[in-house]
Amino acid sequence: MKNLKFIILLSLIYFMTSNLNGQTSYPVETLVTKDGTPIKITMFKHASLSIEYKGLEIYIDPVSKVADTDINYTKMPKADYILVTHEHWDHLDPVAIKELSKPDTIVILNSTAQKQLGYGETISNYQTKKLADGITLEAVPAYNTTPGREKFHPKGNGNGYILDFDGTRIYIAGDTEDIPEMAQIKDIDLAFLPVNQPYTMTIDQAEKAALTIHPKILIPYHYSDTPIDQLKQRLDKDDSGIEVKIYPMQ
């Protein structure tokens, strides 16, 4: 427990530290493909991420104001791709999308979000897109199953995303519970799972989802005031072989 608190403290310090040019620094996780190419994943807050690979910038659910945090995207690299999982305000932010966009930026999103934003390329569950040489995108289901919660994220609307970078696979679950379709998600190197009752998963559900998907690394996100250390403790106790990393992604 003490080690976990130390990790969280370091993450918070890193999150709040500014670099020399005055731009806020955010936690970064780096994966390396089989050929040694780095994949740099930056975690802003809540469900907002970016991935840099071979000079391409991919943003997922960029939102400017969330969880008592203001994120200034004007100081960040412009996006080649912006992926939006669904239309809720904490995932779809037209201002952030505009700030990150350049003339050839491609926005990819579910159909409901596309109607709300007014532009972009739609992708639905089970569809795939080639983003660039060596990079493919697959949309997977993301929805609620608990009685009374289905209204938050109805089946068939929102997306989770699997990004494959030359064989290294990152799963970004979006807003979902531990749905049966997760049994079909294989060979994941890094998974982002939401743990935020009542809109996404309980700790019990997140534990089950992690054991089903069995990523090499799990980063809980979108967790608000959930006591997220409990998830790490459980998976460590399960001797799951999953490396759980905690970052300030409330």
>> I'd like to know whether Leu100 forms a side-chain contact (heavy atoms from CB on, under 4.5 Å) with Glu57, so could you lay out the CA-CA distance, the side-chain angles of the two residues, the decisive distance to 0.1 Å, and finally the verdict.
In response: CA-CA 10 Å; Leu100 287 168; Glu57 298 285 348; over 6 Å; no

>> Just checking His153 against His91, ring centres under 6.0 Å apart?
In response: no

>> Rounded to the nearest 0.5 Å, what separates atom OG1 in Thr168 from atom CG in Leu190?
In response: 10.5 Å

> For Gly55, does its backbone N or O pair with a side-chain atom of Glu52 as donor and acceptor, under 3.5 Å?
Replying inline: yes

> Would Ile71 and Val84 show up in the same hydrophobic cluster when neighbours are defined by side-chain heavy atoms closer than 4.5 Å?
Replying inline: yes

> Parallel under 30°, tilted from 30 to 60°, perpendicular over 60°: which one fits the rings of His222 and His46?
Replying inline: tilted

>> The test is side-chain contact (heavy atoms from CB on, under 4.5 Å); show your working for Glu87 and Leu117 and say whether it passes.
In response: CA-CA 9 Å; Glu87 66 280 1; Leu117 183 64; over 6 Å; no

> Is there a donor-acceptor pair under 3.5 Å between the side chain of Thr122 and the backbone N or O of Asn110?
Replying inline: no

>> Per the side-chain hydrogen bond (donor to acceptor under 3.5 Å, both in side chains) rule, what does the pair list look like for residues 211-220, sequence neighbours excluded?
In response: Asp189-Lys216

> Is Leu211 reachable from Val140 through a run of hydrophobic residues whose side-chain heavy atoms are each under 4.5 Å from the next?
Replying inline: yes

> Would a 4.5 Å heavy-atom cut-off, applied to side chains only, mark Pro220 and Val244 as touching?
Replying inline: yes

>> If hydrophobic clusters are built by linking Ile, Leu, Val, Met, Phe, Trp and Tyr wherever their side-chain heavy atoms come under 4.5 Å apart, do Val63 and Ile97 end up in the same one?
In response: no

> How many angstroms lie between atom CD1 of Ile108 and atom CG of Leu83, to the nearest 0.5 angstrom?
Replying inline: 5.5 Å

> Does any N or O in the side chain of Arg149 come within less than 3.5 Å of the main-chain N or O of Asn144, such that one atom is a donor and the other an acceptor?
Replying inline: no

> Is there a side-chain contact between Tyr161 and Ile123 (heavy atoms, below 4.5 Å)?
Replying inline: yes

> Backbone N or O of Thr85 within a donor-acceptor pair of the Asp61 side chain at under 3.5 Å?
Replying inline: yes

>> Determine whether Lys75 and Asn72 satisfy the following criterion, side-chain contact (heavy atoms from CB on, under 4.5 Å), listing intermediate values before the conclusion.
In response: CA-CA 6 Å; Lys75 294 181 178 294; Asn72 185 359; 3.6 Å; yes

>> Show me the pairs that pass side-chain hydrogen bond (donor to acceptor under 3.5 Å, both in side chains) and involve residues 94-103, at least two apart or across chains.
In response: Asp80-Lys102

>> Tyr221 and ring-ring contact (aromatic ring centres under 6.0 Å, His included): which single residue from Tyr247, Phe192, Tyr171, Phe44 fits?
In response: Phe192

> Are Lys65 and Asp70 close enough, and set up right, to give a salt bridge (charged side-chain N to carboxylate O under 4.0 Å, His left out), and what steps lead you there?
Replying inline: CA-CA 5 Å; Lys65 296 179 182 294; Asp70 291 342; 3.3 Å; yes

> Heavy-atom count around Phe152 CZ within 6.0 Å, excluding the residue itself: above 12?
Replying inline: yes

> Do Val195 and Val66 share a hydrophobic cluster, counting only Ile, Leu, Val, Met, Phe, Trp and Tyr and linking them when any side-chain heavy atoms are less than 4.5 Å apart?
Replying inline: no

> Ser240 side chain to Leu235 main-chain N or O, any donor-acceptor pair under 3.5 Å?
Replying inline: yes

> What are the two closest heavy atoms between Gly160 and Ala142, and how far apart are they?
Replying inline: N-CB, 3.7 Å

> Any sub-3.5 Å donor-acceptor pair from Gln205's side-chain atoms to Thr202's backbone N or O?
Replying inline: yes

> Under the 3.5 angstrom rule, does the side chain of Thr69 hit a backbone N or O of Ala67 as a donor-acceptor pair?
Replying inline: yes

> Just how far is it from atom CD1 of Ile82 to atom OG of Ser50, taken to the nearest 0.5 Å?
Replying inline: 11.0 Å

>> Counting only heavy atoms not in Lys78 (residues, nucleotides, ligands), do more than 12 fall under 6.0 Å from its NZ?
In response: yes

> So, the side chain of Thr226 versus the backbone of Tyr223: is there a donor-acceptor pair under 3.5 Å, distance only?
Replying inline: yes

> Would a 4.5 Å heavy-atom cut-off, applied to side chains only, mark Ile135 and Leu56 as touching?
Replying inline: yes

>> With side-chain hydrogen bond (donor to acceptor under 3.5 Å, both in side chains) as the rule and sequence neighbours excluded, what pairs involving residues 125-136 come up?
In response: Asn125-Asn159, Lys130-Asp133

> Within a strict 4.5 Å, meaning less than it, do heavy atoms of the Leu92 and His86 side chains meet?
Replying inline: no

> Below 4.5 Å, heavy atoms only, C-beta onward: do Ile51 and Phe165 meet side chain to side chain?
Replying inline: yes

>> Between Pro62 and Asp93, is there a side-chain heavy-atom distance shorter than 4.5 Å?
In response: no

>> Set out, in order, the CA-CA distance, both residues' side-chain angles and the distance that settles side-chain hydrogen bond (donor to acceptor under 3.5 Å, both in side chains) for Thr146 and Glu177, then state yes or no.
In response: CA-CA 8 Å; Thr146 300; Glu177 293 187 59; 2.5 Å; yes

>> Quick one, Thr37 with Tyr53, criterion side-chain contact (heavy atoms from CB on, under 4.5 Å). Give me CA distance, side-chain angles, the key distance, then yes/no.
In response: CA-CA 8 Å; Thr37 305; Tyr53 184 65; 3.4 Å; yes

>> Let's go through Thr33 and Asp35 carefully: what are the C-alpha distance in whole Å and the side-chain angles of both, what is the deciding distance for side-chain hydrogen bond (donor to acceptor under 3.5 Å, both in side chains) to 0.1 Å, and is it a yes or a no?
In response: CA-CA 5 Å; Thr33 63; Asp35 68 359; 2.4 Å; yes

> Would you call Met201 and Asp178 a side-chain contact if the rule is heavy atoms closer than 4.5 Å?
Replying inline: yes

> When you check the gap from the basic side-chain N to the acidic O, do Asp236 and Lys232 get nearer than 4.0 Å?
Replying inline: yes

>> Around atom NZ of Lys54, are there more than 12 heavy atoms from other residues, nucleotides or ligands closer than 6.0 Å?
In response: yes

> More than 12 foreign heavy atoms under 6.0 Å from CG of Asp68: is that the case here?
Replying inline: no

> Is there a donor-acceptor pair under 3.5 Å between the side chain of Glu150 and the backbone N or O of Gly148?
Replying inline: yes

>> Any heavy-atom pair between the side chains of Ile162 and Leu137 that's under 4.5 Å?
In response: no

> With respect to Leu218, which candidate in Ile246, Leu193, Ile213 satisfies the side-chain contact (heavy atoms from CB on, under 4.5 Å) definition?
Replying inline: Leu193

>> Do Ile172 and Tyr81 land in one hydrophobic cluster if side-chain heavy atoms of ILVMFWY residues count as linked below 4.5 Å?
In response: yes

>> Under a 3.5 Å distance rule, please check whether Asn196 uses its side chain to pair with a backbone N or O of Tyr199 as donor and acceptor.
In response: no

> For the residue pair Pro77 and Tyr59, what are the closest heavy atoms and their distance?
Replying inline: O-OH, 2.7 Å

